[in-house]
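Reviewing the structure listed below.
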Amino acid sequence: MKKASILTMFKNYFLFILIIFATDLAIAQNANQLVYEGNKSYKKQDMQTAINKYNEALKIQSNNKKALYNLGNALYKDALTLKYSNNLAINVNNKDSIAQLMLQRSADLFTAAAQLYKNKDSLQNVYHNLGNSYLFQKKYDEAINAYKKALKLNPNDEDTRYNLAFALKQKKDNKSGGGSNNQQQQKQQQQQQQQQISKDQAERMLQTLIQKEKELQNKKEHQPAGRPQKPEKDW
């Protein structure tokens, strides 16, 4: 009886391990499929669908490094579009505040992804993009730190070296601005705080913006081709 009980216990334990392994494998496959679908939408410039797919993947598997990294890229790209484009379909109030929230969210995602990537090339890209997210928030110390980590992994990356030099220069220029510049910065910070909106409000406004942009793109596809626009520089 004792031998039979031990054998039965061992079989049940082995079966339990197999069930857990199969469940984890199914979860990973489902998450990766959503990431794949998100990537297809990203390449088509359908950012709303891409962002939704990446978020769905993270709901299934919160530590999916590709979903974290790609969602960070999608939010970063949309943040710059919102911040600098003059061709938006709708006029968005507090767009700078929304862009700041998106950039910080992308930085958080890149930071999380950096804890999971082991491949040097991939990790270097993560830190480079993390530096970019901080750079456009004017968080120069954080940007410099991220670029330095990227360069340790790939000292020959010219884009990262250029961005690091740019961030160092911006930090130096800000410090040399003197007291009047500091007062101006304090005034700007106070204005931003007065205009600050909640994260939920920003999420809703962002979804509306993305949908309007998508509708505008659909309209453009059915119009005669005009003068091509100069592409934006990628950092």
Side-chain angles (χ1 to χ4, degrees), residues 22-85 87-90 92 95 98-134 136-137 146 150 159 199-221 231-235:
T23 301
D24 290 343
L25 182 61
I27 289 173
Q29 288 176 339
N30 290 337
N32 288 333
Q33 177 61 31
L34 288 166
V35 171
Y36 173 75
E37 294 172 3
N39 292 346
K40 290 176 63 177
S41 298
Y42 185 95
K43 291 178 181 178
K44 295 177 181 178
Q45 302 298 315
D46 184 358
M47 289 301 157
Q48 182 181 19
T49 301
I51 289 171
N52 289 340
K53 292 293 183 181
Y54 297 142
N55 275 319
E56 288 177 25
L58 290 174
K59 287 179 181 178
I60 295 174
Q61 190 180 32
S62 60
N63 65 340
N64 188 295
K65 60 186 180 183
K66 291 183 179 180
L68 290 167
Y69 177 67
N70 292 355
L71 179 57
N73 285 332
L75 288 173
Y76 168 80
K77 183 174 182 179
D78 257 6
L80 297 191
T81 299
L82 174 62
K83 192 175 182 67
Y84 296 111
S85 176
N87 298 320
L88 298 176
I90 58 175
V92 180
K95 73 173 187 176
I98 298 174
Q100 284 292 106
L101 286 171
M102 294 166 66
L103 287 168
Q104 184 55 53
R105 173 60 175 156
S106 70
D108 292 341
L109 289 161
F110 291 138
T111 300
Q115 306 303 314
L116 300 172
Y117 275 98
K118 303 301 180 184
N119 177 271
K120 283 188 176 182
D121 291 338
S122 299
L123 189 56
Q124 191 269 338
N125 289 333
V126 174
Y127 280 127
H128 176 91
N129 289 0
L130 174 61
N132 290 348
S133 292
Y134 282 133
F136 279 99
Q137 294 181 73
D159 289 337
K199 183 178 179 180
D200 290 340
Q201 288 176 315
E203 293 275 348
R204 289 194 295 269
M205 294 174 71
L206 173 60
Q207 290 300 322
T208 301
L209 170 67
I210 295 173
Q211 182 60 36
K212 291 293 184 180
E213 287 181 322
K214 183 178 178 181
E215 293 174 358
L216 182 62
Q217 291 297 326
N218 290 335
K219 289 181 180 179
K220 286 183 177 180
E221 289 179 359
E232 296 180 3
K233 175 180 172 60
D234 292 329
W235 286 91

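By convention here, the first residue in the shown sequence is residue 1.
Once rounded to the nearest 0.5 Å, the distance linking OH of Y127 with OG1 of T111 reads 8.0 Å. Between the CG atom in D159 and the CG atom in N125 there is a gap of 10.0 Å [rounded to 0.5 Å]. In this structure, NZ in K77 is found 12.5 Å from CG in N129, a value given to the nearest 0.5 Å. Here CE of M102 is found 4.5 Å from CG of D78. Values are rounded to the nearest 0.5 Å. Note that the CD atom of Q48 and the CG atom of D46 stand 7.0 Å from one another [nearest 0.5 Å].
The main-chain N or O of I51 is found under 3.5 Å from a side-chain atom of N55 such that the two form a donor-acceptor pair. Within the 3.5 Å criterion, the main-chain N or O of A57 finds no donor-acceptor partner in the side chain of Q61.
In this structure E56 satisfies the salt bridge (Lys or Arg N to Asp or Glu O under 4.0 Å) test with no other residue, sequence neighbours excluded. The side-chain hydrogen bond (donor to acceptor under 3.5 Å, both in side chains) test applied to N70 returns N39, not counting sequence neighbours. Residues satisfying the side-chain contact (heavy atoms from CB on, under 4.5 Å) criterion with E37, sequence neighbours excluded, are Q33, L34, K53. With sequence neighbours left out, the side-chain hydrogen bond (donor to acceptor under 3.5 Å, both in side chains) criterion links K66 to no other residue.
Looking at Y42 and M47, their side chains come closer than 4.5 Å, going by heavy atoms from C-beta outward.
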side-chain hydrogen bond (donor to acceptor under 3.5 Å, both in side chains) between D108 and Q104, intermediate numbers included:
CA-CA 6 Å; D108 292 341; Q104 184 55 53; 2.9 Å; yes
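Of the options N73, L109, V126, a side-chain contact (heavy atoms from CB on, under 4.5 Å) to L68 is made by L109 and by none of the others.
When all heavy atoms are compared, the tightest approach of S133 to S106 is OG-OG, 2.8 Å. Annotation for A107 and Q137: closest pair CB-NE2, 4.2 Å, computed over non-hydrogen atoms. Heavy atoms only, all atoms of each residue included: L58 and A67 are closest at CD2-CB, 3.6 Å.
Residue pairs meeting the ring-ring contact (aromatic ring centres under 6.0 Å, His included) criterion with at least one partner in residues 50-75, sequence neighbours excluded, are Y69-F110.
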What pairs of donor and acceptor atoms, side-chain ones from residues 113-121 against any protein atom, are under 3.5 angstrom apart with sequence neighbours left out?
from : atom 1 : to   : atom 2 : distance (Å)
N119 : OD1    : D121 : N      : 3.0
N119 : OD1    : S122 : N      : 3.0
N119 : OD1    : S122 : OG     : 3.4

